[in-house]
Amino acid sequence: MSEDSEAEHIAKLYGDFYDVVRRIPKGRVLTYGQLAELAGRPGAARAAGAAMRCAPETLGLPWQRVIGKKSKGQGRVSIHDPIGGAIQRQLLESEGVEFTEAGGVPLGVFGWLPE
DNA sequence: CAGGTGACTCTTT
DNA sequence: GAAAGAGCCACCT
């Protein structure tokens with residue numbers, strides 16, 4: 001059967017993005033722009049967002065480690081859905097990621113810089 | 001091929 | 001700091 005046919009289709013389209021997300025260490029975060037760049041698609045931050053949005057949970061992807069860039073090396077949960085956003089924040093806090101009072105994440109501390 | 005959409009990002013008001 | 005505009009890429013119809 002092919003109940004995962006759709007998931008396979010998506011994994012095929014955004015495989016490059018998912019491969020990078022898998023390498024994000026626990027307690028670290030990455031911006032969509034950085035994800036796109038590391039995935040070999042510089043400037044495709046929007047596509048990276050689409051990849052996270054369609055990411056099948058069956059892949060066990062740490063999508064919560066991908067956030068949006070706010071300003072001055074600060075990240076911020078960019079999920080439109082308030083429920084999903086709260087879940088992402090909770091997941092990140094569980095990994096040791098701290099949020100500022102303004103709801104931002106200091107990328108200089110929790111941002112992942114691949115060698 | 002053209003138009004619409006989006007978990008983006010930057011600049012300007 | 002919020003809101004609006006513009007630029008960007010990838011996917012779908």
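This structure is a prediction, so every number in the text was calculated from the model and none was measured. All values below were derived from every heavy atom in this structure, side-chain atoms included, with hydrogens, water molecules and symmetry-related copies excluded. Naming: A, B, ... by sequence-line order, numbering from 1 per chain.
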### Query
What nucleotide, of C:dC11, B:dT9, B:dC8, holds the atom closest to the side chain of A:Y14?
C:dC11

### Query
So, does the side chain of A:R46 form a donor-acceptor pair with the base of B:dG6 at under 3.5 Å?
yes

### Task
Can you measure from CZ (A:R28) to CZ (A:R65) and round to the nearest 0.5 angstrom?
11.0 Å

### Query
Looking across every strand, which nucleic acid part, if any, lies under 4.0 Å from A:S71 by heavy atom: base, sugar-phosphate, or nothing?
nothing

### Query
Centre of A:F99's six-membered ring, under 6.0 Å away, within 45 degrees of the axis: is that where NZ or CZ of A:R89 sits?
yes

### Task
Identify which nucleotide among B:dC8, B:dA7, B:dC10 has an atom closest to any side-chain atom of A:M52, counting heavy atoms from C-beta outward.
B:dA7

### Task
Rounded to the nearest angstrom, tell me the gap between atom OH in A:Y32 and atom C1' in C:dC8.
16 Å

#### Entry: Intermediate values then yes/no, side-chain contact (heavy atoms from CB on, under 4.5 Å), A:V29 and A:L92
CA-CA 8 Å; A:V29 294; A:L92 288 175; 3.9 Å; yes

### Message
Regarding A:A47, tell me which of base, sugar-phosphate or nothing describes its non-hydrogen contacts under 4.0 Å with the strands shown.
### Response
base

### Atom-to-atom span, CD of A:Q34 to P of C:dC8 - whole angstrom
20 Å

### Query
Does one side chain, of A:Q90 or A:Q64, offer a donor that lies under 3.5 Å from an acceptor on the other?
no

### Gap between atoms NZ and C1', on A:K72 and C:dG1 respectively (whole Å)
12 Å

### Gap between atoms CG and P, on A:L13 and B:dG6 respectively (whole Å)
18 Å

### Query
Quick one: A:I10 CD1 to C:dC12 P, roughly how many Å, whole number?
9 Å

